[in-house]
Amino acid sequence: MGHMVKQNSDRIAAEPWPENATLYQQLKGEQILLSDNAASLAVQAFLQMCNLPIKVVCRANAEYMSPSGKVPFIHVGNQVVSELGPIVQFVKAKGHSLSDGLDEVQKAEMKAYMELVNNMLLTAELYLQWCDEATVGEITHARYGSPYPWPLNHILAYQKQWEVKRKMKAIGWGKKTLDQVLEDVDQCCQALSQRLGTQLYFFNKQPTELDALVFGHLYTILTTQLTNDELSEKVKNYSNLLAFCRRIEQHYFEDRGKGRLS
Amino acid sequence: MAAPLELSCWGGGWGLPSVHSESLVVMAYAKFSGAPLKVNVIDNTWRGSRGDVPILTTEDNIVSQPAKILNFLRKQKYNADYELSAKQGADTLAYIALLEEKLLPAVLHTFWVESDNYFTVTKPWFASQIPFPLSLILPGRMSRGALNRILLTRGQPPLYHLREVEAQIYRDAKECLNLLSNRLGTSQFFFGNTPSTLDAYVFGFLAPLYKVRFPKIQLQEHLKQLSNLCRFCDDILSSYFRISLGAFSCVNRYQQQIDFGEVHSHDSTTRKLIASEWRHLSSWTRYGRCKSAETHTTCK
């Protein structure tokens with residue numbers, strides 16, 4: 001994905017950001033899962049912070065439309081880019097960047113914290129969705145397969161679950177219990193809370209892609225109904241993180257006339 | 001604290017106390033925090049283990065995986081992060097995540113997947129540490145595990161071919177090394193003048209990459225250009241691992257190993273001959289269980 005942007009960078013830079021740029025994700029009400037929702041919200045927040053207009057379109061087969069199989073992806077002009085990392089690079093090639101003002105050490109820190117969120121929060125979300133039997137049975141299977149007829153809905157859901165379980169096993173999360181996963185989430189939130197401190201954003205006055213990513217995940221965790229509240233309780237323990245989410249929601253979503261996020 | 005803490009881990013070579021990253025992380029942390037570990041290097045008497053090496057055994061606990069072992073040591077009051085601020089503690093977690101996501105795939109690839117490296121260096125070395133028939137099975141299993149991990153975490157579309165995945169993971173690893181070098185700057189350790197958990201992790205991941213002699217060395221070449229990271233590894237080796245008399249029960253052998261490890265050539269057949277001779281010699285000395293892994297020594 002990175003190499004695609006490098007090859008076309010001249011062409012990309014030449015075209016300004018169009019008015020009809022669209023972001024594709026799964027169906028919001030019935031289909032999208034916690035981790036995908038978080039990723040999509042992170043991209044939306046990032047684009048809002050860059051002041052780039054984007055229209056959100058929900059498609060049941062968004063996962064298959066995406067060039068990398070991951071949502072969300074954006075369709076800008078005649079380019080299709082998926083996932084936050086490549087989208088940040090793509091937007092940078094067009095001349096917009098949130099992290100230009102950071103020095104080398106700060107950029108390293110930003111990248112490290114983004115990896116922390118991916119490593120712990122995202123993996124914990126995937127674990128909860130696909131490896132916790134209660135959640136899988138009550139929520140995930142039904143939602144993931146909802147656009148498809150029987151038996152396709154079951155087959156696709158089981159296939160995805162098998163893939164995620166394989167990955168969990170490869171990175172050493174296969175044997176973790178739910179309590180251990182929740183502890184990891186707590187550790188991650190504690191680290192984020194300590195790093196944020198009393199600042200407005202992670203790198204003081206201006207938000208960066210790290211703020212967008214953290215917002216995407218935390219907001220989704222706080223507002224998604226799961227089988228129990230343990231996950232959101234972990235986040236609620238940290239008042240500065242709650243204030244952070246509220247601040248971004250207000251500033252970048254409500255004030256811009258996009259209305260409250262559902 | 002009266003109960004002995006025993007660590008089972010892979011042995012050393014090429015001037016290192018261990019060539020296995022995770023074992024090295026735990027050893028380094030133990031040194032930094034002052035934990036009295038009795039190190040049991042895996043040798044011919046090993047019969048496989050219930051978990052993944054390194055493993056910490058106490059009277060009533062068996063702990064595996066570096067993160068859990070470090071947590072356990074901290075609970076036993078061996079805390080190397082005592083002087084860190086809350087923010088520095090948070091930074092530690094973040095940088096460890098960066099290492100695992102960006103650097104580890106390339107390190108695994110260099111050791112276990114790149115065929116020249118695996119068949120000429122890694123496999124013979126690990127096979128020589130453990131008894132037959134484990135020596136036939138375990139290295140292959142570790143190699144498959146490494147490839148699996150790389151493909152499952154990084155080998156997603158549009159990177160369908162292993163070649164493209166390799167290119168991407170080495171790019172990421174070089175970027176990660178640059179970031180670490182920038183962050184370290186001219187300081188002795190990552191947070192001030194005393195080493196902490198992050199230093200243990202960085203040392204554990206970098207030192208094998210720095211010291212082990214491989215045929216295919218693109219990542220090693222890149223690392224050697226970052227002189228502050230090399231200096232970091234060398235400092236830790238010379239300050240914490242050369243003059244230890246207590247923690248390692250087989251110190252004489254170990255010191256000889258450091259002197260000779262870099263001088264002799266690494267011809268694997270010569271190594272195997274010396275290895276078998278050495279095993280014979282050391283079996284009738286009193287240091288029965290704990291043997292040096294790198295056997296370029298002559299018993300003087």
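Residue numbers begin at 1 in each chain, while the letters A, B, ... track the order of the sequences. Below, each value reflects all heavy atoms present in this structure, side chains not excepted, and no hydrogens, waters or symmetry copies.
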Query raised in the report: Nearest heavy-atom pair of B:Leu93 and A:Ala191: which atoms, and what distance?
Result: CD1-CB, 3.8 Å
Report task. Measure across B:Ala90 and A:Arg195 and return the closest heavy-atom pair with its distance rounded to 0.1 Å. Result -> CB-N, 4.4 Å
Over 12 non-hydrogen atoms of neighbours within 6.0 angstrom of [atom1] in [X]:
X: A:Glu163; atom1: CD; value: yes
X: A:Lys92; atom1: NZ; value: no
X: B:Lys174; atom1: NZ; value: yes
X: A:Glu233; atom1: CD; value: yes

Working to the nearest 0.5 Å, report the span between [atom1] of [X] and [atom2] of [Y].
X: A:Asn119; Y: B:Lys102; atom1: CG; atom2: NZ; result: 11.5 Å
X: B:Arg149; Y: A:Lys167; atom1: CZ; atom2: NZ; result: 10.0 Å
X: A:Glu115; Y: B:Cys176; atom1: CD; atom2: SG; result: 8.5 Å

Report task. With a 4.5 angstrom heavy-atom cut-off, could you sort out which part of B:Glu100 is near chain A: side chain, backbone, both or neither? Result -> side chain
Report task. Check whether any side-chain heavy atom of A:Lys169 sits under 4.5 Å from a side-chain heavy atom of B:Leu152, and report yes or no. Result -> no
Query raised in the report: Looking at side-chain heavy atoms only, is the closest gap between A:Tyr113 and B:Asp91 below 4.5 Å?
Result: yes
Report summary line: Expected contact set for residues 100-112 of chain A against chain B at heavy-atom separation under 4.5 Å reads A:Glu104, A:Val105, A:Ala108, A:Glu109, A:Lys111, A:Ala112
Report summary line: In terms of heavy-atom pairs under 4.5 Å with chain B, the winner among A:Gln187, A:Gln190, A:Met120 is A:Gln187
Query - Neighbours of chain A found in residues 180-210 of chain B - heavy atoms under 4.5 Å - result: B:Asn182, B:Arg183
